[in-house]
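Per chain, numbering begins at 1; letters A, B, ... match sequence-line order. Nothing here was measured: the structure is a model prediction, and the numbers come from that model.
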Number of protein chains: 2
Amino acid sequence: MPSKPTMRDVARKSGLSIATVSRVINSPDDVPAPTVEIVNAAMRHLNYRPNINGRRLKMRHTRTVGVLVPTLANPVFATSVQGIEQEAHAEGLTVLLTSSNYDPDREMGAVSALLNNRVDGLILTLANADSNPVVDLLLAEKIPFVLLFNQPYRADIAAISVDNAQSAYDIADVMIKRGHRSLAMVAGRFESSDRSRQRYDGFCRALVDAGIETPHLVQVGFGETDLIEPLRDLLCGPAVVTGLVCSTDMLAIAAINACRAYGLSVPGDVSVGGIDGISVGGLITPKLCSAVQPTQEMGRQALAFLRGLITGQSNPESLLLPHHLSDGESIGPFRRRSSTRI
Amino acid sequence: MPSKPTMRDVARKSGLSIATVSRVINSPDDVPAPTVEIVNAAMRHLNYRPNINGRRLKMRHTRTVGVLVPTLANPVFATSVQGIEQEAHAEGLTVLLTSSNYDPDREMGAVSALLNNRVDGLILTLANADSNPVVDLLLAEKIPFVLLFNQPYRADIAAISVDNAQSAYDIADVMIKRGHRSLAMVAGRFESSDRSRQRYDGFCRALVDAGIETPHLVQVGFGETDLIEPLRDLLCGPAVVTGLVCSTDMLAIAAINACRAYGLSVPGDVSVGGIDGISVGGLITPKLCSAVQPTQEMGRQALAFLRGLITGQSNPESLLLPHHLSDGESIGPFRRRSSTRI
DNA sequence: TTGAAAGCGGTACCAG
DNA sequence: CTGGTACCGCTTTCAA
């Protein structure tokens, strides 16, 4: 049972040295054409496959990037990873994928594993970008990294995102302008998403600016698929609400389902706006009202930017991408039925 | 500029040999507790991080699995990768991710790159599982792999999927039973998806069994976001259709959008059923009629099965998972408006 | 133009 | 229980 052929095998087969074989692989131009052909022939005969791990060990860099997202079950992150992957493919880079499942405690473990792989750089979506041990570690070890979707306070760390607060503000503002006076935010748990908190802040600011006092808030776990219980009070309790702003599209979808379960039509009885803009095919989002920035493109940009950091051609800085509201075709008008009980 | 600390550094610092350090890392139980503590202390002081690539080079296996999907922009695949990642995390495995973008020509390159990384095994969703050079290569090189979503003819290659043909049959059957006599299938290009062809076959069989002659077919590219043109003839041409069966949920969503663009309500004027069951939160699928098998679970199963293959505990075989139709709540009745022109 | 040889950071066998 | 040491597969001087 012959193990996989190595460079030595190729060298032997071609009657040349392994140094020459290496040259043929890495800089064929430095080798006379006939020699190249001989070596290539040998490689073909042996079905030779360079063992990248050998190279990685020797070289200073690994041409590998690590990616950490909360979950791929959220199309927003999945799509961004698709963008990263595409760009990585174009650059000839390998992608190491991990996910934290929205659990801050798992982030360090995941990043650790990535660092043990000696990735050249990282693209991360963290639960909380500020005062995060992972960020400190990376900064201390001087590993290039860029945050995606996070908006850290510190201006000297690379981040690519839309303006979370502003996008929530804009959505809330649209709803207010259409006559909603009693709004609630359905937000992912703040501990597992700083975006969620930032969006809530923007939401509150919009209400304040409009002279509305009470911003209702419901925090739910991500991946929460059934919001019927969590939304009971909001939809048919004492503090009845006419519109919901959700911190993510997935939550918006879940909220819409809950509304329907309560016999409320959306829109009509209640309006639901989701922040995110799940751009999978541009179609999945219930186009009520979304602050959209095509996520796949954000992924590509993140990798491109990371490449700049790795090669030292650019410096860490935060890029705030413009967001825009999807048409919000059906955000109003509001006409809630008097009493809906379940 | 001290490079990253290595085992030798730890050995020196702790006054022990690198062999002992290695033991502390890999089998601490073989080392007296005090020694373990000394070494651990040294590692902590130095901020030591084992370089996995060194290990990989030495060991026969890499504890790494390669994953190839058409794209993560399709929630079905993204979710399955999430399942794979979860299971990999539980097993302490590293995931190398690649995508083919539905391009068969890119599959070989991607798998090649994965093999150069000496992955222990692969999980693949291929454009076409039959007579595929990638499959031949893997079989020849005896690399464990399992196909996900593909249903190859050969029974001796590992595959996890629902029964594509049957699920399409079932959906079509439901629609027929509800009164549809003029149905069309909107399918992804057969070249880029054998599932698509298999589903079309099932669709046709259902029509034949019901005594319906002409199965309409429109093949479209995946990621096709705008089906207005492709569906023009079907929706308002001479061969008017009352129901669409789509080979994937993403296509179904796109089709629904197209219907609306033509002023048709869905369901009502026309019924659209999607095969797949995008289970992101269980909510994104317009629940017209979907053959669902939770995709995340399929991913986990795939990795678990792959692990069995790698350890030699199980043999390649195809697992056909049961699918079920989502409630199809609103698949009919059909009441198409007489003339819809655009 | 080509080759010999010294590692890269680990693992594990074999002695002591 | 611990240490010396020979690799794993590849890159890269340095000489020939």
Side-chain angles (χ1 to χ4, degrees), chain A residues 1-40 42-43 46-64 94 112-113 115-120, chain B residues 1-40 42-43 46-64 92 94 113 115-120:
Chain A
M1 45 195 40
S3 192
K4 292 212 174 304
T6 77
M7 268 181 50
R8 321 183 91 80
D9 297 317
V10 177
R12 195 169 323 125
K13 180 96 180 177
S14 57
L16 292 162
S17 74
I18 87 174
T20 301
V21 175
S22 177
R23 281 187 205 105
V24 169
I25 293 174
N26 298 303
S27 47
D29 294 345
D30 295 356
V31 181
T35 308
V36 170
E37 198 30 62
I38 291 175
V39 173
N40 279 334
M43 296 201 297
L46 293 173
N47 256 309
Y48 171 72
R49 231 173 233 308
N51 183 334
I52 287 196
N53 296 309
R55 174 196 311 229
R56 278 205 248 270
L57 194 52
K58 183 67 181 177
M59 307 273 275
R60 188 179 270 82
H61 59 263
T62 57
R63 296 196 65 69
T64 293
T94 299
S112 239
L115 291 185
N116 290 353
N117 277 279
R118 296 297 190 269
V119 293
D120 290 337
Chain B
M1 42 193 42
S3 192
K4 294 209 172 306
T6 76
M7 269 181 49
R8 323 183 90 82
D9 297 317
V10 176
R12 195 170 322 124
K13 180 99 180 174
S14 58
L16 292 162
S17 74
I18 89 175
T20 301
V21 175
S22 179
R23 279 187 209 106
V24 169
I25 293 175
N26 298 302
S27 48
D29 295 344
D30 296 358
V31 181
T35 309
V36 170
E37 199 28 63
I38 291 175
V39 173
N40 279 333
M43 296 201 298
L46 293 173
N47 256 308
Y48 171 71
R49 241 177 223 304
N51 184 334
I52 287 196
N53 296 309
R55 175 195 310 229
R56 278 206 249 271
L57 195 51
K58 182 68 181 176
M59 309 271 277
R60 190 179 269 81
H61 59 264
T62 56
R63 297 197 64 71
T64 294
T94 299
L115 292 185
N116 291 351
N117 277 279
R118 296 298 189 271
V119 293
D120 290 339

Exercise. Take B/T6 and B/N51 through the test side chain to side chain contact (heavy atoms under 4.5 Å, CB included) and record every step on the way to the result.
Key: CA-CA 8 Å; B/T6 76; B/N51 184 334; over 6 Å; no
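- Residue B/N51 has its side chain nearest to C/dG9 when only D/dG9, C/dG9, C/dA4 are considered.
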Quiz prompt | side chain to side chain donor-acceptor pair (under 3.5 Å) assessment of B/R56 paired with B/T64 | solution = CA-CA 9 Å; B/R56 278 206 249 271; B/T64 294; 3.0 Å; yes
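- From A/R60, atom CZ reaches atom CZ of A/R118 across 13.5 Å, with rounding to the nearest 0.5 Å.
- One interatomic measurement links the two molecules: CG of A/D30 to C1' of D/dT12, which rounds to 12 Å at whole-angstrom precision.
- Out of C/dA4, C/dT11, D/dT2, the shortest distance to the side chain of B/T20 is found at D/dT2.
- In this structure, B/R49 reaches the sugar-phosphate backbone alone: every heavy-atom distance under 4.0 Å involves primed, P, OP1 or OP2 atoms, never a base.
- For B/R8 and C/dC8, the CZ to P distance is 7 Å, given to the nearest whole Å.
- Using a 4.0 Å heavy-atom cutoff across all strands shown, A/M7 reaches at least one base atom of the nucleic acid.
- Distance CD1 (A/I25) to C1' (D/dG9): 10 Å, rounded to an integer number of Å.
- For the pair A/K4 NZ and D/dG9 P, the interatomic distance rounds to 11 Å; values are reported in whole Å.
- Interatomic distance, B/T94 OG1 to A/N117 CG, rounded to the nearest 0.5 Å: 5.0 Å.
- Here C/dC8 is the nucleotide among D/dT12, C/dT1, C/dC8 with the atom lying nearest to any side-chain atom of A/L57.
- B/N26 comes within 4.0 angstrom of sugar-phosphate atoms only, judged by non-hydrogen atoms across all strands, and of no base.
- Under 4.0 angstrom from either OP1 or OP2 of D/dG9 there lies no side-chain N or O belonging to A/T6.
- Contact annotation: A/S17 does not reach the phosphate of C/dA4 (side-chain N/O to OP1 or OP2, under 4.0 Å).
- Contact annotation for A/L16: backbone-only contact, meaning every heavy-atom pair under 4.0 Å involves sugar-phosphate atoms and none involves a base.
- A/K58 contributes a side-chain N or O that forms a donor-acceptor pair with the base of C/dG7 under 3.5 Å.
- For the pair B/M59 CE and C/dC13 P, the computed distance is 11 Å after rounding to whole Å.
- Regarding A/R55, its CZ atom lies at a distance of 16 Å from the C1' atom of D/dC8, rounded to whole Å.
- B/L57 CG to A/K58 NZ: the interatomic distance, rounded to the nearest 0.5 Å, is 12.0 Å.
- Taking atom CZ on B/R60 and atom P on D/dG9, their separation rounds to 10 Å, with Å as the unit.
- At the heavy-atom level, A/V31 lies under 4.0 Å from the strands shown only through sugar-phosphate atoms.
- The base of D/dG3 is paired with the side chain of B/R23 by a donor and an acceptor separated by under 3.5 Å.
- Closest to the B/P50 side chain, of the nucleotides C/dG9, C/dT2, C/dG10, is C/dG10.
- For the pair B/P32 and B/I18, both in contact range of DNA chain D, the more 5′-proximal nearest nucleotide belongs to B/P32.
- Residue A/S22 is classed as a base contact, given a heavy-atom separation below 4.0 Å to a base.
- One atom, NE2 of A/H61, and another, P of C/dC8, lie 17 Å apart when rounded to the nearest Å.
- Between A/T35 and C/dT2 there is a side-chain N or O to OP1 or OP2 distance below 4.0 Å.
- Side chain of A/N53 to main chain of B/N53: no donor-acceptor pair is present (N/O by atom type, distance under 3.5 Å, no hydrogens or angles).
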